[in-house]
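Read through the structure below, which is laid out as C-alpha cells, and then see the notes.
Start at 1 and go down the list; that is how both ligands and their atoms are numbered. In what follows, residues are counted from 1 in the order of the sequence shown.
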Amino acid sequence: MKKIQSVCNYCAIDCNLDFYVEDNRVVKTVPTKGYPVNDGFCCIKGLSLDKQQKTVKPNSLPKIREKDGSFRQVSWEEGFQYVADKLKELQARYGQESVAGISTGQLTLEEFAIFGHVMRNYLKANVDGNTRLCMATAVVAHKQSYGFDAPGFTLKDLELSDRIIFIGANPVVAHPILWGRVRQNQVPDHKIIVIDPRRSETAMNADYWYGLKWRSDLILLYTIANQLIEKDYLDHTFIEEHTEKFEEFREFVKGYTLKRSASGTGLKEEQILELVELIHSGKRVSFWWTMGVNQGYEAVRTAQAIINLALMTGNIGKPGTGANSITGQCNAMGSRSYSNTAVFFGGGDFTNPARRKRMSEVLGVGEEMLAEKPTKTYNQIIEGINAGEIKGLWILCTNPRHSWTNNETFAQAAKKLELFVVQDIYDTIESAEDCTVFFPVVPGLKKEGTYINLERRLSAMRPVLERGENEISDYEAILGVGKALGMGDALKVWETPRDCFNLMKECSRGMPCDITGVTWENLENSHGIQWPYPEGKEEENREEQRRLYGDGRFFTPSGKARFMFEEVRENPLPTTEEFPYVFNTGRGSVGQWHTQSRTKEVRFVEDVSVKKAYLYMNTELAREKGIEETDEIRVYSANGQNAVFAVKVTDNVRHDELYAPIHYIECNKLTPSLYDSYSKEPSYKATPVRFEKC
Ligand SMILES: Nc1nc2c(c(=O)[nH]1)N[C@H]1C(S)=C(S)[C@@H](COP(=O)(O)OP(=O)(O)OC[C@H]3O[C@@H](n4cnc5c(=O)[nH]c(N)nc54)[C@H](O)[C@@H]3O)O[C@H]1N2
Ligand SMILES: Nc1nc2c(c(=O)[nH]1)N[C@H]1C(S)=C(S)[C@@H](COP(=O)(O)OP(=O)(O)OC[C@H]3O[C@@H](n4cnc5c(=O)[nH]c(N)nc54)[C@H](O)[C@@H]3O)O[C@H]1N2
Ligand code: SF4
Ligand SMILES: [Mo]
C-alpha cells in the first residue's frame with residue numbers, strides 16, 4: 001500500500017490528505033496529521049475525493065460536434081488541431097478579441113498560468129475566471145486599500161482573537177475546518193459575532209447575531225466608524241504612522257448617525273452601540289468576510305469599510321486581528337496572482353514598462369507577445385457573445401450555465417457561439433449541452449501542480465492514481481492546443497507543470513507574493529509554505545503560520561494603508577410593490593459543492609440531499625400565505641424569469657426574505673445582471689421577487 005500526501009481541491013482551506021493506494025484504488029483517506037491547516041481533520045468532501053469514479057471514462061477522447069448535432073470522437077491530436085484552427089479562423093474573420101476564455105480558481109496554478117499564456121499572451125484574447133463571481137471584490141478592495149492583493153492573515157489568528165466578527169460569512173457550512181479553528185480558540189471571554197440578515201448556521205452558533213436588512217452593511221459599518229471616532233476608541237499612533245486619508249474619512253462618516261443606521265439596517269440603536277463596545281473592549285479584534293459582502297452592488301466599498309475599522313483600531317498585522325477576506329475556491333488565491341487576467345503572472349500592471357521587460361525576459365518572448373491590458377470582465381464577455389462580437393469561447397473547470405448570474409443569458413450566449421470548447425471532468429454538466437467541442441480531462445487525483453489557500457499557503461497536488469490510456473490533464477490539453485496553434489519557441493519553457501512552476505517563481509521575484517524560495521521538491525510532503533518566501537530568506541521565514549503587515553508597512557507607494565470610502569448608494573434594484581421579497585442565495589450544506597457536478601456522485605451526500613430546487617421561507621410568512629412544508633411555489637424575479645421551488649419553512653430567514661441554495665440551476669435563473677461598480681462581481685444575494693403557490 002502506497003501513501004501519497006496531496007491537497008483537497010474543493011474549498012480554499014486546502015486541507016492536506018494522505019491517500020492510501022492499492023491496485024490503483026484509494027483504499028483509505030486520512031487527513032494529514034500535523035499539517036498546520038487541518039491537522040488530522042477534514043470535511044466530508046475531502047474524504048470523498050476518490051468517489052468521483054464516473055468522471056472521465058477510460059479511453060475518453062475529445063468530441064467534436066457535427067453539422068447534424070451529433071458528436072464525433074477524435075484523437076487528442078485532431079482535437080487540438082481543430083480547436084487551434086478554429087480559434088485562428090475566428091480571429092482572422094472577426095478580429096483578435098472575437099475569442100475568449102473563462103478560467104477558474106479550481107485548477108492548479110500551472111494550469112491557469114499556461115492558459116493565460118496561450119490565450120492572453122499569444123492570442124491576445126480576453127480571459128476572465130469564475131473568481132470574478134467570488135473574489136473580485138476582495139481583490140479590488142485590497143489593491144486600493146493596501147496597494148496589492150495581499151490578504152495578511154493566517155488561520156492561527158482565529159485561535160488568538162478575542163472578538164471574531166463574521167460579516168456575510170457562514171463558515172459552519174462553507175468552511176468547516178476554519179470553523180474548527182474558531183472552536184479551538186482558548187482566549188478567555190472571546191466572543192463570536194455574526195452579521196448576516198439570515199440566522200445562518202454560524203449565527204446559530206455565535207454569541208451575538210446582528211440580523212440586519214440585506215444590503216445595509218455599508219451604513220452599519222460607517223456608523224460604527226463614526227461611533228468609534230466620537231468615543232475616541234481609536235489607535236491614534238497606528239492611524240498616524242501607517243494610514244492615509246483618515247481626516248477625510250472622519251469628516252465623511254459624520255453623516256452616519258445612529259438614527260440613520262437604525263432605520264437603514266433595521267437594527268436597534270442599542271444593538272449598534274453594543275457592537276461598538278464589543279469592538280472597543282476586544283484586545284485582538286478580527287473581522288472575517290465572505291460572499292455576503294463580496295456579492296453586492298457596492299461590495300468593494302463595503303469590504304473597504306471593514307478594512308477601515310481594522311485600520312482605525314489598529315487591529316491589523318498583530319496576532320488575532322485583521323480585516324480578513326475568506327476565499328472560496330481551492331486555488332482562488334493562485335488564480336488571483338498567476339492567471340494573467342487582471343495582472344501579470346506574480347502581479348504588476350500590464351502597462352508597467354519595468355514589469356513588461358522583466359516578464360519578457362523570464363518568459364523568453366518579445367514584449368509584443370505580452371498581454372497589454374486587463375481582460376474584459378466576465379459580464380462583458382457574455383454580453384459580447386450575445387451582441388455577436390465574440391464568436392469563440394473556451395471554458396475550463398467551471399459550469400457557468402448554472403453558476404452565472406441571470407443564467408439564461410449564458411444559455412442564449414452558448415447557442416450563438418461558432419466555437420464553444422468545454423473542458424471538464426464530466427461531459428454531463430449543463431454547460432456542455434451546447435458545446436461544439438468537449439475535452440475530457442482527468443480529475444485532481446490524477447495530476448500534479450500547486451495550490452494556494454486562503455492564508456497564502458502553497459501546497460502540492462501530487463498524482464494519487466495512475467492514468468489510463470488517453471487520459472490527459474488540463475495542463476496537457478492547453479499545451480496541446482498551444483502547440484497546434486504554432487506557438488513553437490514561445491512554449492519551449494512550458495513543457496511540464498514543473499517547468500511552469502519554475503517560471504512562475506521567477507515572475508514572482510521581488511513582488512509581494514515572492515515564492516522564489518519554494519522548490520517543487522520541498523513542497524512535497526511538507527506543511528505547505530506561505531508567501532512571501534523569497535530565496536535567501538528561508539531562515540527568516542521559518543515560522544509555519546505567518547501574517548503580513550506586522551511592521552505596519554503596506555504595498556502602496558507611501559507604505560501606508562488608505563482609508564477608502566464613498567457615500568452609500570441608493571439600491572439600484574430595490575424591492576417594490578410588485579416584487580416585495582428578497583431572494584437571498586448561498587451554500588446549502590457541507591456536502592454539496594456549487595453546481596453539484598462532483599458532489600452528486602458522492603453517495604452519502606446524495607442520499608441526504610434534496611433532489612429538487614428548494615428555498616427557505618419564514619414560518620410566519622408561510623402561515624399568512626397558506627403554504628406548508630414541501631409545497632411548491634413559483635417565484636417571479638425582477639429579471640423577468642420565474643422558476644419553481646419546494647418550500648422549507650423556518651424561523652431562520654426574515655419575513656421579507658427567501659433563501660435558496662445555489663446547488664440547483666433554478667437559483668441563478670432568477671438572479672439579476674447587476675454588478676459592483678468596481679469589481680464587476682455579480683450582486684447574487686438580494687434579488688427582488690414575488691411568488692405564488694403552484
Ligand atoms: N459546502 C460548500 N462549501 C463551500 C462552497 C460550496 O459550494 N459548498 N463554496 C466555496 C466557495 S467558492 C465560496 S466563495 C465560499 C462562500 O462562503 P460564504 O460566503 O460563507 O457562503 P454563502 O452561503 O455564499 O454566503 C454567506 C452568507 O452571506 C449572507 N448574506 C446575504 N446577504 C447579505 C448581506 O446583505 N449582508 C450580510 N452581512 N450577509 C449577507 C447569507 O445569508 C449567507 O449566510 O464557500 C466555499 N465553501
Ligand atoms: N446565486 C449565486 N450564484 C453563485 C454564488 C452565490 O453565492 N449565489 N457563488 C458564486 C461563486 S462564489 C462561485 S466560486 C461560483 C462557482 O461556480 P462554478 O465554478 O461554475 O461551479 P463548480 O460546480 O465548482 O464548477 C466547477 C466545474 O469544474 C469541473 N472540474 C472539477 N475538477 C476539474 C478538473 O480538474 N479539470 C476540469 N477541467 N474541470 C474540473 C466540475 O466538474 C465542474 O463542472 O458560483 C457562483 N454562483
Ligand atoms: S472542502 Fe475544504 S474543508 Fe473540506 S476537506 Fe476540502 S479543503 Fe478541507
Ligand atoms: Mo466562490
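- F583 has its ring centre less than 6.0 Å from the ring centre of F645.
- Contact annotation: for V590 versus ligand 1, heavy atoms closer than 4.0 Å belong to the backbone alone.
- Considering both main-chain and side-chain atoms, R587 comes within under 3.5 Å of ligand 1 through a nitrogen or oxygen pair.
- Checking only distances, Q329 never comes within under 3.5 Å of ligand 1, N or O to N or O.
- Interface of T290 with ligand 1, defined as ligand atoms under 4.0 Å from a residue heavy atom, comprises 16 (C), 17 (O), 18 (P), 19 (O), 20 (O).
- Using 4.0 Å as the threshold, Y684 has no heavy atom nearer than that to any atom of ligand 1.
- For ligand 1, the polar-atom distance check against G586 finds no nitrogen or oxygen pair separated by under 3.5 Å.
- Residue contacts with ligand 1: H594 is placed with a nitrogen or oxygen under 3.5 Å of a nitrogen or oxygen of the ligand (distance criterion only).
- Any N or O atom pair closer than 3.5 Å counts here, and A169 shares no such pair with ligand 1.
- Among protein atoms, those of element N, O or S found less than 2.8 Å away from atom 6 (Fe) of ligand 3 are C8 SG.
- When side chains are defined from C-beta on, L621 counts as touching F691, because their heavy atoms get closer than 4.5 Å.
- Residue W593 places no N or O, backbone or side chain, under 3.5 Å from any N or O of ligand 1.
- At a heavy-atom distance under 4.0 Å, only backbone atoms of S589 (N, CA, C or O) approach ligand 1.
- No side-chain donor-acceptor contact under 3.5 Å links T595 and E430.
- Not a single heavy atom of Q295 sits closer than 4.0 Å to an atom of ligand 1.
- In this structure, R301 is not positioned above the aromatic face of Y222 in the sense of NZ or CZ being under 6.0 Å from the six-membered ring centre and within 45° of the axis.
- Considering backbone and side-chain N/O atoms, R198 comes within less than 3.5 Å of an N/O atom of ligand 1.
- Ligand 1 has no nitrogen or oxygen under 3.5 angstrom from a nitrogen or oxygen of S216.
- For the pair R132 and Y378, the cation-pi criterion (under 6.0 Å, within 45° of the ring axis) is not fulfilled.
- Both tests do not hold together for R569 against Y297: distance to the six-membered ring centre under 6.0 Å, angle to the ring axis within 45°.
- For ligand 1, the polar-atom distance check against P197 finds no nitrogen or oxygen pair separated by under 3.5 Å.
- Remark: minimum distance from atom 13 (C) of ligand 1 to any protein heavy atom is reached at G328 CA, 3.3 Å.
- Under 4.0 angstrom from ligand 1, the non-hydrogen atoms of Y659 all belong to its side chain.
- Heavy-atom separations between M135 and ligand 1 are all 4.0 Å or longer.
- At a 3.5 angstrom cut-off on N or O pairs, Q592 counts as close to ligand 1.
- Aromatic pair Y664/Y614: centroids less than 6.0 angstrom apart.
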Salt bridge (Lys or Arg N to Asp or Glu O under 4.0 Å) between R199 and D651, intermediate numbers included: CA-CA 8 Å; R199 192 162 170 268; D651 290 334; over 6 Å; no
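- Only the side chain of C134 comes within 4.0 Å of ligand 1, judged by heavy-atom distances.
- Between the CD1 atom of I633 and the CG atom of L615 there is a distance of 4.5 Å, given to the nearest 0.5 Å.
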